There are 2 protein chains.
Amino acid sequence: MKLSSEVTERLAASGIRLTRQREEVLGVLLQKRDHPTAVEVFMRSKKHMPTISLATVYNCLEALVESGLVKQVNLDRAPTRFCANLLDHSHFFCEECGSVHDIEIPLQSPWNLPSGYLIKQAEVTFRGKCPACTSKNL
Amino acid sequence: MKLSSEVTERLAASGIRLTRQREEVLGVLLQKRDHPTAVEVFMRSKKHMPTISLATVYNCLEALVESGLVKQVNLDRAPTRFCANLLDHSHFFCEECGSVHDIEIPLQSPWNLPSGYLIKQAEVTFRGKCPACTSKNL
DNA sequence: CTAGGTGCAAAAGGTTTGCGGTTAA
DNA sequence: TTAACCGCAAACCTTTTGCACCTAG
């Protein structure tokens with residue numbers, strides 16, 4: 001696939017060891033940005049790499065998250081979802097269809113926090129109805 | 001405990017059926033606002049109500065969350081945490097000591113979202129160092 | 001009276017781990 | 001060459017479920 005150069009570049013730049021499995025996992029996340037779960041990533045990866053194991057997918061995801069190439073999204077008690085969108089963004093969760101969308105809003109950090117807190121990262125999650133579901137006027 | 005009147009009032013006002021176990025679980029969450037996990041709530045509840053079961057704690061928490069009396073907080077892949085703070089607030093997660101703090105900032109919703117999205121709820125999570133850990137200048 | 005809640009134990013996911021073999025650097 | 005990674009299977013931990021009994025309204 002033509003993504004592979006981007007995948008390889010990102011991996012090389014991150015400094016972590018480059019393996020075929022990590023390329024595959026990152027490739028899956030870059031190809032379809034629908035915030036798949038680990039199991040979904042596993043199933044998609046198996047199409048190109050039938051020998052990959054679920055444990056390896058978890059390991060790869062962990063390495064990718066740790067290196068900053070992938071973000072994890074947790075919603076309620078549902079399984080963790082992953083995305084490879086490196087732009088600063090928020091997530092929108094549609095209560096109707098369950099889909100997760102990236103919302104790229106520049107958060108100009110208008111936070112007036114109590115003193116003493118050292119903020120390294122802020123994360124915003126929205127819930128509601130996505131455009132597709134809203135237009136179905138359910 | 002003197003919280004019981006508040007607990008009972010809140011439960012009655014919520015409309016869900018009032019049981020001793022739900023009172024106990026809500027009481028635990030109101031007494032110490034450290035965002036315990038389900039298992040922690042279970043252990044604390046057992047001190048006053050030795051017969052309560054973990055499954056019941058989960059059931060109670062679910063009912064309380066659904067009725068809006070309790071909020072659940074998910075951080076990464078760690079077990080879900082619960083809090084009874086009904087004021088609109090955000091959460092701060094200390095990467096140093098692992099504690100979770102409520103941050104009561106009035107979010108004046110400065111979100112410029114793409115059109116089509118119907119937002120019902122926004123949730124903000126911060127990560128960094130809490131005052132206690134910052135002052136230890138680690 | 002009865003719909004809904006409880007307690008128990010067992011099952012069901014999701015995620016992690018241990019280990020022998022493999023591979024990127 | 002070797003530290004790190006992979007695949008497999010088993011373990012782990014959180015959460016859910018089925019069922020018989022109980023209780024709030």
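Since the model is a prediction, treat every value here as computed from it, not as a measurement. In what follows, chains carry the letters A, B, and so on, assigned in the order in which the sequence lines appear, proteins first and then strands, with residues in each chain numbered from 1.
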Whole angstrom value for the distance that separates P of C:dT6 from CG of B:Leu61:
11 Å
Looking only at the side chain of B:Pro79 (C-beta and beyond, no hydrogens), which of the listed nucleotides C:dG5, C:dT15, D:dT14 gets closest?
D:dT14
Between B:Arg77 and B:Ala55, which residue's closest nucleotide on DNA chain C lies nearer the 5′ terminus?
B:Ala55
Using the ring-ring contact (aromatic ring centres under 6.0 Å, His included) rule, take A:Phe126 and B:Tyr117 through it: C-alpha gap first, then chi angles, then the decisive distance, then the call.
CA-CA 10 Å; A:Phe126 299 100; B:Tyr117 286 93; 8.8 Å; no
Name the residue closer to the 5' end of DNA chain D, choosing between B:Asn74 and B:Leu18 according to the nucleotide with the nearest heavy atom.
B:Asn74
Just how far, in rounded Å, is P of C:dT15 from CD of A:Glu66?
16 Å
Is A:Thr37 touching bases, backbone alone, or none of the nucleic acid, heavy atoms closer than 4.0 Å?
nothing
For A:Glu24 and D:dC6, give me the distance from atom CD to atom P, rounded to whole Å.
12 Å
Can you identify which nucleotide, out of D:dT17, C:dG14, D:dT15, has its nearest atom closest to the A:Tyr58 side chain?
C:dG14
Donor-acceptor pair, distance only, cut-off 3.5 Å: does the side chain of A:Asn74 make one with the backbone of B:Leu75?
no
In whole angstroms, how far is the C1' atom of D:dC6 from the CD atom of A:Glu23?
15 Å
What nucleotide, of D:dC6, C:dT6, C:dG7, holds the atom closest to the side chain of A:Asn59?
D:dC6
If you take atom types as modelled and just measure distance, does the side chain of A:Arg17 reach the base of D:dA4 with a donor-acceptor pair under 3.5 Å?
yes
Whole angstrom is fine here: how far is it from CD in A:Glu40 over to P in C:dG14?
10 Å
Identify whether any heavy atom of A:Leu54 sits under 4.0 Å from a base atom; if not, whether one sits that close to sugar-phosphate; answer base, sugar-phosphate or nothing.
base
Distance check needed: D:dT14 P versus B:Leu75 CG, whole Å only.
15 Å
Expressed in angstrom and rounded to an integer, what is the separation of B:Glu62 atom CD from C:dT6 atom P?
11 Å
Starting from P on C:dA24, measure out to CG on A:Leu11 and report it in whole angstrom.
13 Å
Any A:Ser53 side-chain nitrogen or oxygen under 4.0 Å from OP1 or OP2 of D:dG7
yes
Restricting to pairs with a member in residues 6-45 of chain B, which pass ring pair (Phe, Tyr, Trp, His ring centres under 6.0 Å), not counting sequence neighbours?
B:His35-B:His91
Please check the phosphate of D:dT23 (OP1 and OP2 only) for any side-chain N or O of B:Gln21 closer than 4.0 Å.
no
Looking only at the side chains, is there a donor atom on one of A:Asn59 and A:Gln21 sitting less than 3.5 Å from an acceptor on the other?
no
Would you say the side-chain atoms of B:Gln31 pair up with the backbone N or O of B:Val28, donor to acceptor, closer than 3.5 Å?
no
Between A:Thr19 and D:dC6, does any side-chain N or O lie under 4.0 Å from OP1 or OP2?
yes
If you pin B:Arg20 and A:Thr56 to their nearest nucleotides in DNA chain D, which one's is more 5'?
A:Thr56
